[in-house]
2 protein chains.
Amino acid sequence: MDSNKKFLNGTLNTIVLALLKDNGKMYGYEICQKAKTKTDNSILLTEGAIYPTLHRLEKEGLIISSKEKVNGRTRKYYSINVSSIQEVNSQIHLLSQFTGHLRALLNLST
Amino acid sequence: MDSNKKFLNGTLNTIVLALLKDNGKMYGYEICQKAKTKTDNSILLTEGAIYPTLHRLEKEGLIISSKEKVNGRTRKYYSINVSSIQEVNSQIHLLSQFTGHLRALLNLST
DNA sequence: AAATATACATAAGACTATTATGTATCGGCC
DNA sequence: GGCCGATACATAATAGTCTTATGTATATTT
């Protein structure tokens, strides 16, 4: 059920970018929940993976963060850096192409 | 163009199994060529990745090998171990599901 | 004769995810 | 009132896979 784990490698970066692009702004915990609910509990992002990924993407300048206190708990919201939107689109497009190629190799019609 | 590289991680195992299942028996170099031609020169498997993968899969008992001398060059042919066909099908199915979930996250219709 | 394609193999290094651990607040339950 | 689960962040040690580089060897093309 959660054997998807081993496939995640390399795609997590782009998954995060795609979710942020769609949802405007999100925080780490929320991204994990979204991925989980959108994939029937199949893609389960762990904290040890998501937070380093967010830090990495911010360091690279693709996303920006801002802290907010909500209900007493601190949330760190991330959103796409507008000046990097082309690069983000490019990365999403590449992953999209890759899934297509994968499906061709697996003989999946669509 | 070959930025698919970073997405490959974790999926190579299953790609190899899928190709072997479709083509009966193949050798390492042939697998690389097949992946390349079937994906418009996008998925380029390197020798440093393919050979360790084949050795790993054989060690796990999912595939079996036999050496043949063809035109003066030695080829090591691999094929699915018939007694592991269920496990192979299962792994291919999991990757297939994963690509579906990925496409859902990327908002790709198909 | 030299370069390219074929065909295998392995080692060093980089990168990413898993697992484990730590901190802290909030809400529900008994 | 105290405990547990959910929320929310973070980091370190470890494992695993891929890239890059290197090596060997034969056949074909230029």
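All values below come from the heavy atoms of this structure, side chains included, with hydrogens, waters and symmetry mates left out. Residue numbering restarts at 1 for every chain, and letters A, B, ... go by the order of the sequence lines.
Heavy-atom distances under 4.0 Å link DNA chain C to B/Y27, B/G28, B/Y29 of residues 24-36 of chain B, given in residue order. Only B/A49, B/T53, B/R56, listed by number, bring a heavy atom of residues 49-67 of chain B to less than 4.0 angstrom from any atom of DNA chain D.
Atoms CG (A/N71) and C1' (C/dG27) sit 11 Å apart, rounded to a whole Å. The distance from atom CG of B/L12 to atom P of D/dG16 is 16 Å, rounded to the nearest whole Å. Remark: C1' of C/dA17 and CG of B/N9 are 9 Å apart, rounded to the nearest angstrom. What separates CD1 of A/I43 from P of C/dA17 is a distance of 12 Å, to the nearest Å. Atom P of nucleotide C/dT16 and atom CG of A/N13 are separated by 7 Å, given to the nearest angstrom. What separates CG of A/L8 from P of D/dT17 is a distance of 14 Å, to the nearest Å. Atom CD of A/E47 and atom P of D/dC9 are 9 Å apart (whole Å). For the pair B/F7 CZ and C/dA17 C1', the computed distance is 16 Å after rounding to whole Å.
The closest side-chain heavy-atom distance from B/L20 to B/Y78 is below 4.5 Å. Here the side chains of B/V88 and B/I80 are in contact, with some heavy-atom distance below 4.5 Å. Under the 4.5 Å side-chain criterion, counting only non-hydrogen atoms from C-beta, A/M26 is in contact with A/N23. Contact annotation: the side chain of A/L57 approaches that of A/L62 to within less than 4.5 Å [non-hydrogen atoms, C-beta and beyond].
Aromatic ring pairs are classed by plane angle as parallel below 30°, tilted from 30° to 60° and perpendicular above 60°; the pair A/F98 and B/F7 is tilted. Using a 30° and 60° split on the angle between ring planes, B/Y27 and B/Y29 fall in the parallel class, below 30°.
Nucleic acid contact for A/G72: sugar-phosphate only, since backbone atoms but no base atoms lie under 4.0 Å from a heavy atom of the residue.
Distances shorter than 4.0 Å separate none of the side-chain N or O atoms of B/T74 from OP1 or OP2 on C/dA7. At the phosphate of D/dA27, neither OP1 nor OP2 sits under 4.0 Å from any side-chain N or O atom of B/R73. Residue A/K69 places none of its side-chain N or O atoms closer than 4.0 Å to OP1 or OP2 of D/dA8.
Residue pairs meeting the salt bridge (charged side-chain N to carboxylate O under 4.0 Å, His left out) criterion with at least one member in residues 44-72 of chain A, sequence neighbours excluded: A/K25-A/E68.
The distance from atom CD1 of B/I43 to atom SG of B/C32, rounded to the nearest 0.5 Å, is 12.0 Å.
Residue A/H101 forms a side-chain contact (heavy atoms from CB on, under 4.5 Å) with just one option from B/T39, B/I15, B/T99, and that option is B/T39.
Among the nucleotides C/dA17, D/dT19, D/dA10, the one closest to any side-chain atom of A/K76 is D/dA10.
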